[in-house]
Amino acid sequence: MRKNKPFSLTTLHPHFPSTSRRRSAATLAQLPPLKTQHQPLLNPTKPPSKTHQRNPVPPTKQIQEHPLISIIKSCSHNTHLRQIHAHLLRTSLAQDPTISLKFLSCIALSSLRDIGYSRKFFAQIKRPSFLHHNAMIRAYSVTDKPDEGLRMYQDMIRRGVWANSFSSSFAVKCCVRISSFVGGVQVHGRILRDGNLSDCRLLTTLMELYSGCERFGDALKVFDEMPKRDTVAWNVLISCCLRNKRTRDALSLFDAMQSEEYGCEPDEVSCLLVLQACANLNALEFGERIRRYIDEHGYGGHTNLRNSLVSMYSRCGSLDKAYEVFRGLQDKNVVSWSAMISGLAINGYGREAINAFEEMQKTGVKPDAQTFTGILSACSHCGLVDEGMMFFGRMSKGFGISPNIHHYGCMVDLLGRAGLLDRAYRLIMSMDVKPDPEIWRTLLGACRIHGHVNLGERVIGHLIELKAQEAGDYVLLLNIYSSAGNWDKVTELRKFLKDEALQTTPGCSTIELKGVVHEFVADDVSHLRKDEIYEMLAEINSQLKIAGYVVEISSELHNLGAQEREFVLSYHSEKLAIAFGVLSTPPGTTIRVAKNIRTCVDCHNFAKVLSGVYNRQVVIRDRTRFHHFLEGRCSCNDYW
DNA sequence: ATAGGGTTAG
């Protein structure tokens, strides 16, 4: 407990200009002469003036800050910080609690982000309060040493230094940065003991932590126990759903938060997040709803929302609407152009994407790394090998952007599809970034297309090295073996797959009907209309067989008899979604399905034949592209 | 009490 009156500079130095006048242009030059103001600042000799005592006003409003504080606040340049530091040391102002605190937090947030500097200054404070500790933990949380911030917090608790909800908040931030679930649980425990259970912001940070550690359940629990939830809390929950593969729940939350029970208005961030969910799920109608909401609530002018709309429309296969929004954008920035270029790319308009790229530069917008990801994927989707190579070269030479893993991925796809497998392999080996499993899978896909057994085996070797091999990868290898007629290897691999319990990314397909997204996994029996769906699937199977559809058994890894294999295949998630689509739409309409992983050969053929027999346009969007099927043909030359 | 915390487009 402090016995003295709060330290106030206002009363001590009435000659300082008032806050309001000072605010306009505070610079170091406006400081009172340094030499004359040594002692009085820390050792008040004059009592506070009487006028203040006669008119008691709430002290918080009355206290004026030291001019140094406003200088520190407006100080963005590092050299200025150093100057102020020197000044603080000279005048022993460094020991003033308010000033040192302000300075400490300023170092943390300045462009310097120099934790060493913060540490040094902290060490110079003789009696740091818990506020100084808080500022340090915060500093750690925004630099590259978040683990030390957590340690400092733990140390604080251990030494019995007073800690408040802000200390915990910064500590949680540190845990978020290093994805430390264990550390987060500790801080959570402390928060519970401190009884900070009604602090909405603190709990939101905690949700953010669990979200980042892929602990959806824990995040939801925190949310549930919050006594009062504001829009940001809902937004964090939505973003948590997006990050933890609960995309469909993200859509329900948009409605739930608005319900009478909760009465929380979605803001522009909510819209941004939900639009992402729509894009992932292919949920065009829901996306349209969000668009109406945006217009009705006056968010229509937000460029980020419009950019998000461009992306949502194009990822839902509605390129014309994407273009319409794009055209209406008054201030197209690099994100708008990149969204449009990627949109053209995934929809198969490679040339148009390149044109857009040129036009973008004419309007003076400079491309960045993600623009090039879009343009390179346009080239790979449309088989524009020379153009792709050209852009890949121009990227670093002409624009100073060094290729990242996504750029390399596009190039591997481009070269691989074109049959230049050795070059693709050499490119991966020459990369200055570590190859990820995804890029090896891209090459493996190319090996399948071109029946390259040796390279395929080598790629599997690399995946094993990364401990990332999944069942789906071996299925591709199986396809390669069987198309090469290498039956011994096929048998051997089958046996291996049967014995080994391999990890698989569960395939999942979604289809939107009347604004409701339906989700299917393989062998799904959870849908309300499952009986009708399976009946329809049986009907479709027999119709397609008449039309010449043959089940592609090599897609399946189960070591079963041919009859049973066929049975297993018919339960793939995209078939269930398509069957549901046929069930719910009249002939002549479009069935749009989104798949989270690669669509298998068999489902590809299934959709192709079905589009003719049932007179539906079928569009399957898998990880990177659209597969359009119409009248028994597909748009991608059976490159699946 | 003091300063200070959460979500965000391609």
Side-chain angles (χ1 to χ4, degrees), chain A residues 1-2 5-8 58-60 63 65 69 73 96-106 108-109 129-139 141-142 162 164-174 176 196 199-209 211-212 222 226 229-240 242-243 266-276 279 299 302-312 314-315 322 325-326 329 332-346 360 365 367-375 377 406:
Chain A
M1 272 294 174
R2 208 185 245 265
K5 267 185 81 74
F7 182 77
S8 166
T60 44
I63 292 171
E65 34 180 48
I69 289 185
K73 272 184 191 165
D96 172 70
T98 317
I99 292 178
S100 57
L101 184 59
K102 192 71 222 172
F103 188 67
L104 196 56
S105 25
C106 185
L109 298 181
S129 70
F130 82 95
L131 297 175
H132 292 103
H133 282 82
N134 283 1
M136 270 313 283
I137 301 173
R138 182 182 188 211
S141 79
V142 296
W162 177 254
N164 65 0
S165 66
F166 284 87
S167 328
S168 307
S169 175
F170 298 136
V172 175
K173 261 273 136 119
C174 290
V176 170
N196 289 322
D199 190 330
C200 181
R201 289 187 168 194
L202 177 57
L203 295 178
T204 310
T205 321
L206 211 46
M207 284 175 64
E208 176 70 9
L209 170 87
S211 166
V222 174
M226 278 168 84
R229 310 171 186 110
D230 61 6
T231 300
V232 181
W234 283 94
N235 290 350
V236 172
L237 187 63
I238 294 174
S239 123
C240 182
L242 277 170
R243 295 209 321 223
D267 64 1
E268 71 275 16
V269 177
S270 328
C271 294
L272 217 48
L273 291 164
V274 177
L275 280 177
Q276 265 189 66
Y299 302 139
H302 291 225
T303 307
N304 50 2
L305 278 174
R306 291 171 153 248
N307 291 344
S308 201
L309 276 170
V310 171
S311 173
M312 184 276 293
S314 44
R315 290 181 62 196
V325 176
F326 175 76
L329 260 163
K332 299 181 182 66
N333 58 21
V334 63
V335 179
S336 329
W337 283 100
S338 306
M340 197 63 239
I341 290 169
S342 305
L344 289 163
I346 50 168
M360 158 185 176
V365 177
D368 66 7
Q370 289 198 62
T371 321
F372 275 102
T373 306
I375 203 77
S377 85
H406 302 293

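- One N or O donor and one acceptor, one from the side chain of A:D199 and one from the base of B:dG5, sit under 3.5 Å apart.
- Comparing B:dG10, B:dA3, B:dG5 by their nearest atom to the side chain of A:A339 picks out B:dG10.
- Evaluation of atom-type donor-acceptor distances gives a pair under 3.5 Å for the side chain of A:N307 against the base of B:dA9.
- Scanning atom types as modelled, no donor and acceptor separated by under 3.5 angstrom connect the side chain of A:N134 and the base of B:dG5.
- Across all strands shown, A:V232 has heavy atoms under 4.0 Å from base atoms, whether or not it also approaches the sugar-phosphate.
- Residue A:Q276 has its side chain nearest to B:dA9 when only B:dG6, B:dA3, B:dA9 are considered.
- A:L237 places its CG atom 18 Å from the P atom of B:dG6, with the value rounded to the nearest Å.
- Among residues two or more places apart in sequence or in another chain, the ring-ring contact (aromatic ring centres under 6.0 Å, His included) test is passed with A:W337 by A:F326.
- With sequence neighbours excluded, the residues satisfying side-chain contact (heavy atoms from CB on, under 4.5 Å) with A:N304 are A:L272, A:H302.
- The base of B:dG10 sits with one of its N or O atoms less than 3.5 Å from a complementary donor or acceptor on the side chain of A:D368.
- For A:T205 and B:dG6, a side-chain-to-base donor-acceptor distance below 3.5 Å is absent, hydrogens and geometry of angles not being considered.
- Base engagement by A:V334 is indicated by at least one non-hydrogen atom pair under 4.0 Å involving a base atom.
- Put simply, the side chain of A:C174 reaches to within 4.5 Å of the side chain of A:I137, judged on heavy atoms.
- Phosphate contact (OP1/OP2 of B:dT7, side-chain N/O of A:K173, threshold under 4.0 Å): present.
- Taking the side chain of A:T204 as heavy atoms from C-beta on, and the options B:dG10, B:dG6, B:dT2, the nearest nucleotide is B:dG6.
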